[in-house]
Amino acid sequence: MSGGIILLMNSIIHSIRNILTEITGNKKYESIQITDNLLTSGISSIMIIRLFMKLEQYYKFQISIDDFVPSNINTLEKMALFVVGNMKG
């Protein structure tokens with residue numbers, strides 16, 4: 001990955017951590033590791049939807065219901081890669 005993509009990924013991961021902390025009210029998400037399984041960390045499906053709604057608004061992309069599969073959303077790293085892959089321009 002190029003330096004620009006790494007910086008973007010880090011920015012997205014930081015945003016995801018902040019949004020998860022806001023949505024859940026739990027500060028543990030400020031330090032969650034990028035490979036930790038979010039789907040077993042106590043996050044509900046509604047929280048995941050709220051997270052992606054905020055990410056869509058901030059990073060200007062759209063997600064389809066078909067994209068809500070574990071391979072796209074179960075870790076911070078996979079979420080960030082998904083957002084980068086779907087960003088416009």
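This is a predicted model, so every value here is computed, not measured.
- Both L51 and I65 are part of a single hydrophobic cluster, where members link through side-chain heavy atoms under 4.5 Å apart.
- With contacts defined as side-chain heavy-atom distances shorter than 4.5 Å, the pair Y29/S41 qualifies.
- Annotation: side chain of I73 is not in contact with side chain of F82 (no heavy-atom distance under 4.5 Å).
- Atom CZ of R17 has more than 12 neighbouring heavy atoms from other residues, nucleotides or ligands inside a 6.0 Å radius.
- Looking at L38 and M79, their side chains come closer than 4.5 Å, going by heavy atoms from C-beta outward.
- Judged by distance alone, the side chain of N72 and the main-chain N or O of V69 form no donor-acceptor pair under 3.5 Å.
- Linking Ile, Leu, Val, Met, Phe, Trp and Tyr whenever their side-chain heavy atoms come within less than 4.5 Å puts I13 and M53 in one cluster.
- Sorted by first and then second residue, the side chain to side chain donor-acceptor pair (under 3.5 Å) pairs with a member in residues 53-63 read S15-Y59, E22-K54; sequence neighbours excluded.
- Residues I63 and N86 are not in side-chain contact: their nearest non-hydrogen atoms beyond the backbone lie 4.5 Å or more apart.
- With rounding to the nearest 0.5 Å, the separation of CG in L76 from CE in M9 is 9.5 Å.
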Report task. Evaluate the criterion side-chain contact (heavy atoms from CB on, under 4.5 Å) for residue pair V84 and L8; output intermediate values, then yes/no. Result -> CA-CA 8 Å; V84 167; L8 179 59; 3.9 Å; yes

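- Put simply, the side chain of T24 gets close to the backbone of L20: a donor and an acceptor are under 3.5 Å apart.
- When only modelled atom types and interatomic distance are considered, N10 and H14 share no side-chain donor-acceptor pair under 3.5 Å.
- Under the 4.5 Å side-chain criterion, counting only non-hydrogen atoms from C-beta, N74 is in contact with L39.
- Both I23 and F68 sit in one connected hydrophobic cluster of ILVMFWY residues. Membership requires side-chain heavy atoms under 4.5 Å apart, directly or through other members.
- When atom types are taken as modelled, the side chain of K78 and the backbone of P70 share no donor-acceptor pair closer than 3.5 angstrom.
- Side-chain atoms of L55 and I16, non-hydrogen and from C-beta on, do get closer than 4.5 Å to each other.
- No single ILVMFWY cluster, assembled from side-chain heavy atoms under 4.5 Å apart, contains both L7 and M87.
- Rounded to the nearest 0.5 Å, atoms CD1 (I43) and CD1 (I49) are 12.5 Å apart.
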